[in-house]
Enquirer: 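Have a look at this one.
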Amino acid sequence: MIYDINLGLGTVLLILIAIAVSAIRILREYERGVIFMLGRFWKVKGPGLVLVIPGLQQMVKVDLRVVTMDVPSQDVISRDNVSVKVNAIVFFRVVAPEKAIIQVENYMVATSQLAQTTLRAVLGKHELDEMLAERERLNLDVQQILDAQTDAWGIKVTNVEIKHVDLNETMVRAIARQAEAERERRAKVIHAEGEKQAAEALLAAAEMLSREPAAMQLRYLQTLTQVAGERSSTIVFPVPVDLLKSVVGEFPRPDANPRQS
């Protein structure tokens, strides 16, 4: 009789020990446990040692670390009707574990699907040039929209980065031709601007020389000095008409009538 009682107490003690061991849970620093009491939300526990009563309570672990999610390549048609493939990366973390478990069935899948649709919707409103040149602004637009929509799930979207914008070969060649034409246009504009500035400088110099006839002669003699220094057998140099008039004017013309005596 005593043996049976001792055996029964030992069995009960083993059961209690097994229950106590199964009730002990250890959560890491970045983990939280969402506790349900008889199917109803009770509280969020952790990190450290957590006791969960078997049969009465259930615990769902939630990771609070930043999740790096790769958004698959999406077919996007830009506002100027150019088809491109775009993929991105979304960085987010859980800030309210109870919402992430209660409000949505699987917050990872839901965030991934929402990121894909948001990426297509946002990029479809912009032209191809904006996708290639203004990625920072597009990243911010997608991040703000995702963050606003996932706030009810207890998720904070910290950053969105567009990785690649893939174009077909025809569009790549068209962009290359456009860039080449743009460079040629800039070269012609710069050349025309230089010609304009040179013409303005020559006009100012001509006006300055025209104020004093001697200045033109000095400039002529200076040019002769420069040409004389070159090693050439024949030099053809124009003579200004004003200079000839000043020289010829000192002598009488051959056909001038002599004075009558």
Side-chain angles (χ1 to χ4, degrees), residues 15-76 84-126 130-131 134-166:
I15 293 174
L16 292 176
I17 293 174
I19 293 175
V21 171
S22 63
I24 297 175
R25 306 290 177 83
I26 297 177
L27 298 180
R28 298 180 178 89
E29 182 65 30
Y30 55 84
E31 292 179 334
R32 297 294 184 271
V34 181
I35 307 299
F36 293 89
M37 176 73 76
L38 297 177
R40 297 179 63 87
F41 171 72
W42 185 39
K43 65 170 58 177
V44 178
K45 290 186 177 182
L49 183 63
V50 178
L51 296 178
V52 180
I53 302 174
L56 297 179
Q57 296 178 341
Q58 296 85 31
M59 184 182 72
V60 181
K61 288 184 179 180
V62 180
D63 196 327
L64 301 184
R65 292 178 294 181
V66 175
V67 179
T68 303
M69 176 179 291
D70 189 8
V71 180
S73 180
Q74 303 295 310
D75 292 328
V76 179
V84 296
K85 290 183 176 294
V86 182
N87 60 346
I89 301 177
V90 178
F91 300 89
F92 68 93
R93 61 186 179 91
V94 177
V95 294
E98 66 278 9
K99 292 183 178 180
I101 298 301
I102 297 173
Q103 299 297 331
V104 61
E105 179 182 2
N106 189 328
Y107 67 89
M108 295 286 292
V109 176
T111 304
S112 176
Q113 295 297 323
L114 183 60
Q116 296 177 33
T117 56
T118 304
L119 185 65
R120 291 195 300 268
V122 172
L123 296 185
K125 299 178 181 178
H126 299 274
E130 296 177 352
M131 294 184 192
E134 300 181 6
R135 289 194 182 185
E136 294 183 0
R137 183 169 64 87
L138 296 179
N139 292 338
L140 183 60
D141 292 343
V142 176
Q143 185 263 330
Q144 290 177 348
I145 295 175
L146 280 178
D147 190 30
Q149 295 183 353
T150 57
D151 183 65
W153 303 341
I155 294 174
K156 174 65 177 178
V157 179
T158 58
N159 195 12
V160 176
E161 292 291 339
I162 297 175
K163 292 173 59 178
H164 300 292
V165 179
D166 296 330

Enquirer: Does any N or O in the side chain of Q103 come within less than 3.5 Å of the main-chain N or O of I101, such that one atom is a donor and the other an acceptor?
Expert: no
Enquirer: Please report the shortest heavy-atom distance between I155 and D147, naming the atom on each side.
Expert: O-OD1, 4.0 Å
Enquirer: R120 versus T117: any side-chain heavy-atom pair under 4.5 Å?
Expert: yes
Enquirer: Any side-chain heavy-atom pair from Y107 and V67 closer than 4.5 angstrom?
Expert: no
Enquirer: To check you understand the geometry: which heavy-atom pair defines the closest contact between K85 and S73, and what is its length?
Expert: CB-OG, 3.5 Å
Enquirer: Can you name the nearest heavy-atom pair linking R25 to M59, along with the distance?
Expert: NH1-CE, 3.7 Å
Enquirer: Is there a side-chain contact between W42 and L56 (heavy atoms, below 4.5 Å)?
Expert: no
Enquirer: A side-chain contact here means heavy atoms from C-beta on lying under 4.5 Å apart; do F92 and T150 qualify?
Expert: no
Enquirer: Show the nearest heavy-atom pair for residues R135 and V165, with the distance to one decimal.
Expert: NH2-CG2, 3.6 Å
Enquirer: Does the side chain of V71 reach to within under 4.5 Å of the side chain of V160, using non-hydrogen atoms?
Expert: no
Enquirer: In the structure I gave you, are the side-chain heavy atoms of K163 and D70 within less than 4.5 Å of one another anywhere?
Expert: yes
Enquirer: Is there a side-chain contact between R137 and H126, using heavy atoms and a 4.5 Å cut-off?
Expert: yes
Enquirer: Using the side-chain contact (heavy atoms from CB on, under 4.5 Å) definition, which of the options V84, V76, T118, D141 pairs with L123?
Expert: V76
Enquirer: Measure the shortest side-chain to side-chain distance between R32 and V94 over non-hydrogen atoms and say whether it is less than 4.5 angstrom.
Expert: no
